Structure formats: C-alpha cells, structure tokens
Amino acid sequence: MHNIKDIRNDPNQFQESLKKRFLEVDLKNILELDENNRKLIQEKETLEKEKKEISKSKNKELFEKSKSISKKIDILETKQKETKVELDNILSSLPNIPKDDVPVGKDENSNLEVSKSGNVPKFNFKPKSHYELGENLNMLDFDLASKTTGSRFVFVKDKLALLERAISNFMIDIHVNQNGYQEISPPLIASENTMYGTGQLPKFENDQFEIKFDDKNDRKFLIPTAEVILTNMGKDKIFQSDELPLRVVASTPCFRKEAGSYGKDTKGMIRQHQFYKVELVSIVEPENCLNELDRMTNCATKILDLLELPYRKIILSSGDMGFSAEKTFDIEVWLPSENKYREISSCSSCGSFQSRRMKARYKNKKNETVFLGTLNGSGLAVGRTLIAILENYQQTDGSIIIPNALKPYMNNLDKIVKK
RNA sequence: GGAGAGAUGGCUGAGCGGUUGAAAGCACCGGUCUUGAAAACCGGCAAAGGGGCAACUCUUUCCUGGGUUCGAAUCCCAGUCUCUCCGCCA
C-alpha cells in the first residue's frame with residue numbers, strides 16, 4: 001500500500017515510478033478522491049466540534065440543535081467512508097515501486113544474471129527428468145495422487161519421503177544454527193485480513209484456496225507461502241527497537257491454485273498445488289532493507305553451496321517482480337534434464353509496502369513511530385530442491401547419490417536405489 | 001457442545017454517564033548528579049487522520065460493529081478473541 005501523502009506531494013513521480021511496472025494509473029481520479037475525502041473530513045470535524053461544545057455547555061436549549069447536527073454528521077460520515085473505501089480500493093491494488101537498481105523490463109526476459117556458482121555436472125548418458133527417476137524408483141506416484149485428489153499433487157514415498165524431510169530439517173538447522181533465524185511452526189491458515197497484509201488480497205484471490213469455516217464473518221485461506229503468516233507476526237504491533245531485527249524461519253506446506261498456469265510444467269513436481277517450502281522472513285528497520293536482502297539471499301545460496309548444487313543468482317526486472325516487492329533476487333538451480341536453470345528461491349525486500357498494510361511499526365531512536373521493512377525469501381523450496389538433487393546426483397542405473405551434507409539427516413544412507 | 005469471567009496506552013493496571021486521552025507503576029527518551037555507570041531526583045512520552053511554512057491546532061480512537069443519550073471507556077444489543085470449569089477428543 002502506498003502512502004497517499006507521498007502521492008499527493010509528488011504525483012508525477014509516482015506515476016513515472018509505476019510506469020516501470022507498465023501500469024497506467026488514473027492519477028486524476030486518485031487525487032480527486034483524496035481531495036474529496038479531506039473536504040468531507042473537514043466538514044464533519046467542524047460539526048463535531050460544535051456538537052462537542054453544546055454537550056459541554058449542558059445548555060438544554062441547545063440539545064435539539066445538537067440532535068440535528070448528529071444527523072448531518074451521519075450523512076457526511078457515510079459519504080466520507082464511501083470515498084475513502086473507493087480510494088483505498090484503488091491504492092491497495094497498486095504494486096510496490098521498484099528500487100532504482102532494478103532493471104526495467106516487461107517480463108523475465110529482462111532479468112539480469114548477477115552471479116553463477118558451482119559446477120554443472122557432465123553426464124556420459126542422457127540425464128533423466130526427476131519424475132522419470134522418481135517413478136522408476138517407485139518413490140514418486142503422480143497417478144495415485146490424481147486418483148485420491150486430482151492433478152498437480154503427488155505421493156512421495158519411501159526414501160524420497162525421507163529425503164524430503166531431511167532437506168527440510170537440514171535447511172532449518174542451518175538457518176537456525178548458522179544464520180540467526182528463529183524457528184517457527186505457524187498456523188497454515190490465514191484470515192482475510194492477514195492475506196491482505198502481505199498483498200495476496202484483494203488482487204490475487206484467484207490463486208488462493210479459501211476454506212469453509214464455521215463463522216461466516218471472517219474468511220479463511222490456506223497459506224500460499226509461510227511469508228503470509230510469518231510476516232504478519234508484526235501485524236498491528238509496535239516493536240521496541242531491541243526486538244529488531246526479527247528473523248524467523250519455518251518449513252510449511254504451501255497451497256496454490258496455480259490459476260493461469262494451465263499447461264505449464266504439467267509433468268512432475270515443479271508446479272504443484274501443494275508443496276513444502278522453508279521460508280525466511282525478516283522484519284527490520286526500513287533503512288536496513290537492502291542490506292538485509294543481501295544477507296538473506298546469501299543465507300539461501302549457502303544451502304545450495306552446502307548441497308553442492310550449481311546455481312545462478314538473478315535480479316528480477318520491474319515487470320517480473322511480485323506485487324509487494326521493491327527488489328527481488330531469484331536463485332535458480334541447474335536442472336540437467338531441462339538443460340537450464342530453474343527458480344528454487346526468491347528473495348524480496350518489500351520496504352514498508354506490507355508493513356503499511358499490516359500496521360507493523362516500531363519506535364525509532366527519536367521515539368517516533370515508523371513503519372518497518374519486511375523481507376521474505378525461500379531458503380529453499382523443498383520440492384524443487386528434491387528435484388535438483390534427483391537430477392544432479394543421478395547415476396547411470398537410475399540410483400541417486402545422497403549429498404554429503406544430507407547424509408546425517410538420512411541415517412547415513414549413501415545412495416537411494418530401487419528395491 | 002454446556003456454564004461462567006474478561007478484553008483499557010509499548011507492558012502491568014485503575015476508572016464503570018459529563019475538562020478522562022484516560023490515575024499509578026514499569027519500559028523508553030531528555031536532563032541534574034557522577035571520572036564513567038548504577039541509584040536518586042526533575043521533565044517528557046499513545047495512535048490515526050485533518051488544517052498550518054511553522055509554533056501550533058482540530059477530530060477520532062479505551063476489542064469490533066450497531067443502539068440509548070445533549071453527552072459513553074462507562075448503559076443496552078450483536079459479533080470476535082482470551083481465560084476457568086464440565087463433556088468430547090488427536
């Protein structure tokens with residue numbers, strides 16, 4: 001959510017900034033609504049003052065007048081609220097503004113590679129895809145999942161189920177013991193307002209799984225990422241400065257409808273309705289956002305270094321970034337079967353965009369109450385890490401070598417072989 | 001599912017129709033004292049929004065939404081959440 005005061009102060013700059021997102025905003029309409037809103041507030045406040053004075057005077061002769069003022073206030077207030085809602089509806093559907101160093105471009109074609117790391121493995125045979133490998137091992141079962149549930153789900157079995165759990169535990173341990181994150185086991189369901197806080201609502205309702213709940217007043221959703229629930233730990237809160245930075249990590253299932261991605265990655269477990277992800281969230285003083293983004297990205301790449309998986313880091317272009325982000329690094333892991341890098345992590349700074357929606361604030365050194373900075377990043381997507389291990393560590397016979405770092409988490413197993 | 005109790009500022013906690021935006025304490029910020037720190041003492045300290053170049057000023061807010069009243073943190077209704085007891089249960 002943007003600060004209307006900033007827009008008011010420099011409307012043209014605001015419009016220019018949004019052009020980086022390839023968005024045309026009806027600036028005139030926004031400014032008109034804002035002006036109208038303020039006019040109505042002023043009229044209302046004048047009447048409220050008058051009413052207050054009458055009530056203080058306790059002058060019975062003026063009581064009738066006070067009643068009629070109340071009626072006028074009601075009318076003004078209704079109008080004012082409507083105007084405010086209309087303004088907020090527009091503002092809450094506008095994405096965050098990219099930082100200056102974000103490459104401007106419409107889509108992923110304008111993303112820039114920042115760095116490359118690790119060695120791409122050489123095979124003396126044609127590397128198989130993760131789903132071929134998994135199905136041949138009888139440890140990935142997509143058919144069974146479509147029978148019990150539907151498309152874009154999978155049964156992970158036996159040693160691959162263990163591997164999935166091992167990946168998750170390994171990552172959390174690193175982030176807790178080496179990277180200074182606090183482990184959280186959060187709710188997997190979020191209220192409507194929580195979803196609004198991080199920017200999933202109102203604009204991206206189509207991609208969310210809403211669930212039936214007893215009460216009709218409050219809508220509830222399965223989290224599409226732990227970012228939602230972890231970032232909202234700061235919701236409606238004023239932090240003391242000694243509570244910052246807050247760094248938390250959680251491994252949770254994530255649920256996404258993947259609306260609009262029909263036909264994309266239909267085979268395998270690249271794009272599922274349900275997947276595990278280890279998520280990092282930092283809540284920091286806003287001026288520290290970009291430093292924290294670098295730190296967070298390093299925490300994520302460290303996992304790939306330890307797993308000895310080849311990857312590259314890219315900076316997303318203005319048009320490819322998520323709604324709430326002001327700057328995003330994606331980390332892409334090498335997938336031999338596709339002969340290319342695929343996203344395995346996305347680390348974003350959101351500046352104060354989310355905190356303004358959530359009302360997450362803190363007291364700064366001058367004792368002023370200011371909105372915080374929020375960041376989120378995958379550290380890493382568990383399912384895709386499983387894929388990357390299957391494909392990069394595959395052997396001619398279809399067996400899978402376990403990366404050294406994971407062996408302690410796999411009961412010291414060296415290799416996954418077909419039974 | 002049944003029966004009660006409660007929700008007040010960053011935190012603890014008074015107030016239960018009229019200068020109450022709200023006592024007191026803690027925390028925090030500034031100062032005095034001190035070589036420095038602690039302690040002590042003095043002062044400041046809620047948020048959101050509007051107006052003003054500014055000093056400043058106005059409005060709203062005591063869980064949320066309605067209602068009663070000239071006037072509500074205080075009374076009434078509905079909802080949400082928390083706690084205690086009983087039942088059920090992973």
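Remember, it's a predicted structure, so these values are computed and weren't measured experimentally. Numbers restart at 1 for each chain; the letters A, B, ... are given by sequence-line order, proteins then strands.
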Restricting both atoms to N or O, compile the protein contacts to nucleotides 45-48 of chain B shorter than 3.5 Å, with distance only.
unit_1: B/A47; atom_1: OP1; unit_2: A/Lys363; atom_2: NZ; d: 3.3
unit_1: B/A47; atom_1: OP1; unit_2: A/Thr369; atom_2: OG1; d: 2.7
unit_1: B/A47; atom_1: O3'; unit_2: A/Arg361; atom_2: NH1; d: 3.2
unit_1: B/A47; atom_1: O2'; unit_2: A/Arg361; atom_2: NH1; d: 3.4

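Across all strands shown, A/Lys65 has no heavy atoms under 4.0 Å from either base or sugar-phosphate atoms. As judged by a 4.0 angstrom heavy-atom cut-off over every strand, A/Lys67 is placed among residues touching the sugar-phosphate backbone only. Using a 4.0 Å heavy-atom distance criterion, A/Lys84 is classed as making no nucleic acid contact. Contacts of A/Arg8 with the nucleic acid, taken as non-hydrogen atoms under 4.0 Å apart, involve only primed sugar atoms and P, OP1 or OP2. Among the protein residues, A/Ser55 comes within range of the nucleic acid bases, having at least one heavy atom under 4.0 Å from a base atom.
Taking the six-membered ring for Trp and the full ring otherwise, the centers of A/His273 and A/Phe153 sit less than 6.0 Å from each other. If you look at A/Phe255 and A/Phe221, their ring centroids are not closer than 6.0 Å.
By the 4.0 Å N-to-carboxylate-O rule, A/Lys5 lies too far from A/Asp10 to be salt-bridged with it. Between A/Lys419 and A/Asp158 a salt bridge is recorded (basic side-chain N to carboxylate O distance below 4.0 Å). Salt-bridge formation is not detected for the pair A/Arg38/A/Glu45: no Lys NZ or Arg NE/NH1/NH2 atom is positioned less than 4.0 Å from an Asp or Glu carboxylate oxygen. Salt bridge absent: A/Glu35 and A/Arg8 never bring a charged side-chain N and a carboxylate O closer than 4.0 Å.
Between the P atom of B/G10 and the CG atom of A/Asp242 lies a distance of 15 Å, rounded to the nearest Å. One atom, NZ of A/Lys60, and another, P of B/G18, lie 16 Å apart when rounded to the nearest Å. When rounded to the nearest whole Å, the span between CD of A/Glu77 and P of B/G50 equals 16 Å. Atom NZ of A/Lys52 and atom P of B/U59 are 4 Å apart (whole Å). The distance between atom CG of A/Leu62 and atom P of B/C70, rounded to the nearest whole Å, is 13 Å. As rounded to whole Å, 14 Å separates atom C1' of B/U69 from atom NZ of A/Lys71. Atom pair A/Arg38:CZ and B/U60:C1' shows a separation of 18 Å (rounding to whole Å applied). Atom NZ in A/Lys237 sits roughly 13 Å away from atom P in B/G9 (whole-Å rounding).
In this structure, B/C62 forms no base pair with any nucleotide, since neither Watson-Crick nor G-U wobble geometry is met with both distances under 3.5 Å. In a base pair of the Watson-Crick type (N1 to N3 plus N6-O4 or O6-N4) or a G-U wobble (N1-O2 and O6-N3), with each distance short of 3.5 Å, B/C41 is matched with B/G31. B/A24 is paired with B/U12 under the criterion used here, namely a Watson-Crick or G-U wobble arrangement in which both key atom distances are under 3.5 Å.
In this structure, a donor-acceptor pair under 3.5 Å is present between the side chains of A/Lys51 and A/Ser70. Defined by atom type and a distance below 3.5 Å, a donor-acceptor pair is present between the side-chain atoms of A/Lys302 and A/Asn179.
Comparing B/A23 with B/A14, their C1' atoms sit 6 Å apart, to the nearest whole Å.
In the interface, the side chain of A/Glu45 is paired with the base of B/G49 through a donor and an acceptor atom under 3.5 Å apart.
One distance of note links CG of A/Leu18 with OG of A/Ser318; it measures 11.0 Å at 0.5 Å rounding.
Considering only heavy atoms from C-beta on, A/Glu308 comes within 4.5 Å of A/Tyr393 through its side chain.
Listed by residue number, there are no residues of residues 227-236 of chain A with a heavy-atom contact under 4.0 Å to RNA chain B.
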